[in-house]
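To start, the structure itself, in structure tokens.
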Protein chains: 2
Amino acid sequence: MELRDIEIFLTLAEELHFGRTAERLHVSQARVSQAISRQERRLGVALFDRTSRRVTLTPVGRRLREDLQQALDLLQQGLARAEAAGLGAGRTLRLGVFGHAGHELRPLTDAFRARYPGIDVKFGEINGGDAFTALRTGDHDVNVLWLPVAEPDLTVGPTVLTGGRVLAVSADHPLADRGTASLEDLADNHVVDLGPDAPDYWVASMVPTRTPSGRRIPRGPAARTFHEILSLVATGHCVHPLGEIAARYNTPPGIVFLPIHDAPTLQWALTWRSTNDSPTIRALAQTAADLGPISL
Amino acid sequence: MELRDIEIFLTLAEELHFGRTAERLHVSQARVSQAISRQERRLGVALFDRTSRRVTLTPVGRRLREDLQQALDLLQQGLARAEAAGLGAGRTLRLGVFGHAGHELRPLTDAFRARYPGIDVKFGEINGGDAFTALRTGDHDVNVLWLPVAEPDLTVGPTVLTGGRVLAVSADHPLADRGTASLEDLADNHVVDLGPDAPDYWVASMVPTRTPSGRRIPRGPAARTFHEILSLVATGHCVHPLGEIAARYNTPPGIVFLPIHDAPTLQWALTWRSTNDSPTIRALAQTAADLGPISL
DNA sequence: CATAGTTACGCGGTACGTAATTATG
DNA sequence: CATAATTACGTACCGCGTAACTATG
């Protein structure tokens with residue numbers, strides 16, 4: 001009972017036609033016939049009922065098909081993983097994240113390290129002002145960015161995180177005592193300007209230019225990094241919307257994070273430079289896809 | 001990448017020694033070396049770190065081992081099932097059960113039919129008085145019996161059901177209104193005698209001869225079948241303990257079933273004549289073992 | 001230097017193709 | 001009778017053994 005025979009069996013179980021099976025596997029029709037009858041002889045059961053006109057699976061064959069399909073998938077998956085680990089062996093995958101998001105991504109990195117033991121994963125920090133640059137310079141292999149990302153040179157992979165948004169305000173700010181915030185509140189305050197390097201549509205998806213009712217939201221002073229933003233907010237001169245994660249592991253002095261109750265949920269997805277595509281990156285994307293997004 | 005190579009890889013991963021691996025698989029040591037280095041060349045990763053003195057798995061190898069082991073198990077299991085289905089193909093497995101127990105066993109028979117589509121399963125009825133005879137005459141292949149069964153010619157397989165016990169009493173009986181019964185109550189009543197064909201130890205495990213406190217339990221008139229027992233009980237002259245299943249699908253006129261609160265749980269196991277052992281029976285036992293016992 | 005893994009090379013079995021044969025709508 | 005599965009038979013490749021070689025404690 002060899003692996004090739006199993007492949008032939010599975011293909012025939014799908015095609016239910018000796019000729020097409022032979023074609024698909026690039027072997028002669030005779031070979032398919034031989035392989036099947038050999039298996040049936042070995043097992044002592046008919047796997048297919050066939051005349052020279054019609055081929056159908058027997059109940060035993062149907063059951064065997066399910067079992068073998070599953071086994072073969074596992075087998076090929078395992079080999080593919082080992083190969084991918086080989087192609088990326090010794091490599092370090094640099095993963096860019098905002099703030100402490102790396103901690104929330106541990107289920108992903110743990111699963112990835114288990115699957116591809118040869119590959120090392122390291123986190124790098126990114127900021128709203130330069131979220132794409134490290135990808136383009138090659139300093140990072142993959143960044144975890146909020147969607148939508150629509151850059152011609154970047155590929156967007158599976159979503160790895162989903163979560164709400166918060167508004168960072170000064171502790172003295174009138175909103176601070178309300179405990180929650182609305183997008184409408186933004187129009188009454190300045191928000192931090194993330195600078196010219198980040199594309200407008202992308203910044204706007206986190207820091208909108210208008211409230212849902214259409215009022216303009218004034219852009220205040222500029223800042224690039226997370227801490228720069230927070231120190232501006234702490235002065236009380238402006239407020240700033242952020243992902244929920246920002247609030248989770250930070251309790252900066254003089255700052256309060258208010259959940260924004262009317263903002264749509266954010267999606268954070270793996271993103272990489274298209275020309276930088278590699279088995280290693282594909283492996284990470286596949287692992288993330290298998291795992292599904294983590295909800296905050 | 002062939003199946004034999006995978007087997008060699010897995011064995012070496014276990015033994016961590018080329019010589020012993022070769023011995024176990026009845027091949028030359030050279031073959032093991034060739035197989036491993038070929039796989040490593042194909043995959044492009046080292047699977048083992050080795051000197052001529054020590055062999056250890058690399059992280060990639062460790063991971064691959066887990067994946068392949070699982071896949072191979074599935075594969076062999078599937079083939080074994082097909083083979084078993086073949087050996088028993090066309091056969092009918094006669095399964096003896098008390099009363100309606102067959103209905104509770106549907107998860108088992110469904111699973112069995114799914115795994116071994118070639119084999120038919122039929123139920124036959126058995127009674128306390130002759131629970132073993134159908135096995136010995138060959139009329140039944142397997143019986144579902146309460147434990148303990150200690151017969152030299154019978155094999156006891158996995159437990160398929162567990163559940164409590166009930167006491168069948170006449171609706172006029174003083175106990176009937178209590179809604180529950182104790183083993184001590186038996187001493188104040190006659191119980192049905194199951195006749196000489198059933199071994200004493202086995203009958204006693206369902207119908208004890210003494211109460212927990214040591215009082216003798218009088219044996220009353222004899223009956224063999226379930227319905228004979230019930231008609232005796234209906235007269236009010238005796239009571240009788242039964243498995244919980246008996247109460248589940250029977251509402252015989254003039255009879256009340258009272259849960260016996262202080263009796264230990266009953267275990268019902270597959271039992272067959274040792275000389276009658278066959279792949280088909282093994283297949284059923286394996287399916288039952290995989291499924292685990294059903295709790296009533 | 002003994003033990004254990006690797007490399008070189010040759011034989012035999014089998015995977016597979018070609019071509020003829022049989023069966024079915 | 002056309003289409004599709006099976007059987008017959010030959011060949012080339014590869015799985016595997018034997019034996020010589022190399023490395024390590």
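In the text below, chain A, chain B and the rest are named by the order of the sequence lines, each starting its count at 1. Please read these numbers as outputs of a predicted model, since none were measured by experiment.
When heavy atoms are screened at a 4.0 angstrom cut-off, R54(A) is found touching no nucleic acid atom at all. Counting non-hydrogen atoms under 4.0 angstrom, V55(A) reaches the backbone sugars and phosphates but no base.
One interatomic measurement links the two molecules: CG of L12(B) to C1' of dA4(C), which rounds to 12 Å at whole-angstrom precision. In this structure, CD1 of I8(A) is placed 13 Å from C1' of dG17(C), rounded to the nearest angstrom. Atom P of nucleotide dT14(C) and atom CG of L3(B) are separated by 16 Å, given to the nearest angstrom. The nearest whole Å value for the distance from the NE2 atom in H26(A) to the C1' atom in dA15(C) is 17 Å. Residue I36(B) contributes atom CD1, which lies 14 Å from atom P of dG15(D) at whole-angstrom precision. At whole-Å resolution of the value, CZ in R38(A) and P in dT6(D) are 15 Å apart. L16(A) places its CG atom 10 Å from the P atom of dA5(D), with the value rounded to the nearest Å. Distance L25(A) CG to dC16(C) P: 10 Å, rounded to the nearest Å.
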Handout entry: Criterion salt bridge (charged side-chain N to carboxylate O under 4.0 Å, His left out) on R282(B) and D277(B), from CA distance to verdict
Key = CA-CA 7 Å; R282(B) 293 242 150 260; D277(B) 205 353; 2.7 Å; yes
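Residues E66(A) and R81(B) are not paired through a salt bridge, judged by the lack of any N-O separation under 4.0 Å between the basic side chain and the carboxylate. Using a 4.0 Å cut-off between charged nitrogen and carboxylate oxygen, R4(B) and E7(B) count as a salt-bridge pair.
The phosphate of dC16(D) (OP1 or OP2) has a side-chain N or O of R4(B) nearer than 4.0 angstrom.
Closest to the T51(A) side chain, of the nucleotides dT24(D), dA8(D), dT24(C), is dT24(C). Distance from the side chain of A30(A) is smallest to dT7(D) among dG15(D), dT7(D), dA8(C).
Ring geometry, W146(A) versus F98(A): the interplanar angle falls under 30°, so the pair is classed parallel (tilted spans 30 to 60°).
In terms of polar N and O atoms assigned as donor or acceptor, the side chain of R50(A) never comes within less than 3.5 Å of the base of dA23(C) in a complementary pairing. The base of dG5(C) lies outside donor-acceptor range of the side chain of Q34(B), with no N or O pair under 3.5 Å.
Taking for each of R53(A) and G19(B) the nucleotide of DNA chain C with the nearest heavy atom, the 5'-most of the two is the partner of G19(B).
L266(A) contributes atom CG, which lies 10.0 Å from atom CG of L161(A) (distance to the nearest 0.5 angstrom).
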